[in-house]
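Notes follow the structure.
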Amino acid sequence: MSELAVTLLRLSYLALLWLFILFTLGVLRRDVFGTTVTPRGPGRQAPARTKPRRQARPQRTPAARFEPRRLIVTEGPLTGSAVPLANSAVIVGRASTCTLVLDDDYSSSRHARFFPHEGAWYVEDLDSTNGTYVNGSRIFQATPVPTGTPVRIGSHVMELRR
């Protein structure tokens, strides 16, 4: 084999080796930093990167002062944990998709749901095996939960608080 052919073979081997290294680094980078997902399809555009606007504070009504703002665990392994309440439901259970995840053998994967309705907060048992107890009584339908009333789910007790 001529010296030129050996040199070209070495250079092509070196180029392939560098391509492999760059490809491996790209895979590692995507694995560490994740991928960027951009919306696709008609009428969808990628969000513009602008400075976020300050939103005006919502006007509070006198009744809003007394509405609960947090769901707090008062007994059990998660004592002291708090979930801020908004206008959406809070799902409690063992599943990782729940808002409040309980590590408890006596709670179901989707055990109960706290939700606002007509200015009050309700709790609803989601067909759990061991039941949901409000103020010591097992519930079978959506039940209003006043602020400070204990709700037992498995070995956890939680309350709505301001």
Side-chain angles (χ1 to χ4, degrees), residues 23-162:
F23 177 76
T24 305
L25 288 175
V27 169
L28 288 173
R29 186 183 142 275
R30 279 192 303 275
D31 191 36
V32 170
F33 296 111
T35 57
T36 304
V37 178
T38 57
R40 301 195 186 265
R44 294 186 179 196
Q45 297 177 353
R49 296 190 179 230
T50 60
K51 192 174 184 181
R53 295 181 185 174
R54 289 186 66 191
Q55 296 179 353
R57 283 188 171 186
Q59 295 293 328
R60 290 190 175 255
T61 60
R65 287 187 294 168
F66 303 109
E67 291 178 2
R69 295 185 188 147
R70 297 175 299 181
L71 175 65
I72 297 181
V73 179
T74 57
E75 289 180 32
L78 293 176
T79 300
S81 298
V83 176
L85 299 175
N87 290 330
S88 59
V90 174
I91 307 292
V92 179
R94 286 189 320 200
S96 61
T97 57
C98 292
T99 312
L100 180 59
V101 179
L102 304 176
D103 186 21
D104 187 358
D105 292 336
Y106 297 104
S107 65
S108 299
S109 57
R110 289 175 48 92
H111 195 99
R113 175 175 77 117
F114 289 85
F115 63 97
H117 181 67
E118 296 179 355
W121 278 86
Y122 288 76
V123 65
E124 173 183 33
D125 187 72
L126 300 176
D127 295 326
S128 64
T129 305
N130 295 317
T132 302
Y133 295 84
V134 175
N135 213 9
S137 301
R138 186 170 181 170
I139 62 168
F140 297 97
Q141 60 186 3
T143 305
V145 181
T147 304
T149 304
V151 177
R152 178 173 291 280
I153 296 175
S155 63
H156 293 84
V157 177
M158 50 203 73
E159 296 177 2
L160 296 173
R161 291 196 183 161
R162 288 183 266 153

- Distance-only, no hydrogens or angles: does the Ser155 side chain make a donor-acceptor pair with backbone N or O of Ile153 under 3.5 Å? no
- Where Val145 and Leu160 come nearest, the two heavy atoms and their spacing: O-CD1, 3.6 Å
- Item | Heavy-atom check, side chain of Leu100 versus side chain of Val73, under 4.5 Å | yes
- Would you find more than 12 non-hydrogen atoms of other residues, nucleotides or ligands less than 6.0 Å from Arg110 atom CZ? no
- Query: Is it true that a side-chain atom of Asp125 and a backbone atom of Ile139 form a donor plus acceptor pair closer than 3.5 Å?
  - Reply: no
- Shortest non-hydrogen contact from Ala82 toward Ile72: CB-CG1, 4.0 Å
- Message: Testing the basics here: between Ser107 and Leu102, what is the closest heavy-atom pair and its distance to 0.1 Å?
- Response: OG-CB, 4.0 Å
- Item | Shortest non-hydrogen contact between Thr74 and Thr79, atoms and distance | O-CG2, 3.6 Å
- Query: Rounded to the nearest 0.5 Å, how far does CG of Leu71 lie from OG1 of Thr99?
  - Reply: 9.5 Å
- Task: Return yes if some donor-acceptor pair links the side-chain N/O of Arg161 with the main-chain N/O of Arg69 below 3.5 Å, else return no.
- Result: no
- Message: Glu75 and side chain to side chain contact (heavy atoms under 4.5 Å, CB included): which single residue from His156, Met158, Arg152 fits?
- Response: Arg152
- Task: Using distance alone, with no hydrogens and no angle criterion, decide if Asn135 and Thr149 have a side-chain donor and acceptor under 3.5 Å apart.
- Result: no
Compile the donor-acceptor pairs under 3.5 Å between side chains in residues 111-122 and protein atoms, sequence neighbours left out, one pair per line.
from, atom 1, to, atom 2, distance (Å)
His111, ND1, Ser108, N, 3.0
His111, NE2, Ser128, OG, 3.3
His111, NE2, Gly131, O, 2.9
His111, NE2, Thr132, OG1, 3.3
Arg113, NE, Glu124, OE1, 3.0
Arg113, NH2, Glu124, OE1, 2.8

- Flag yes if more than 12 heavy atoms outside Tyr133 fall under 6.0 Å of its OH atom; otherwise flag no. yes
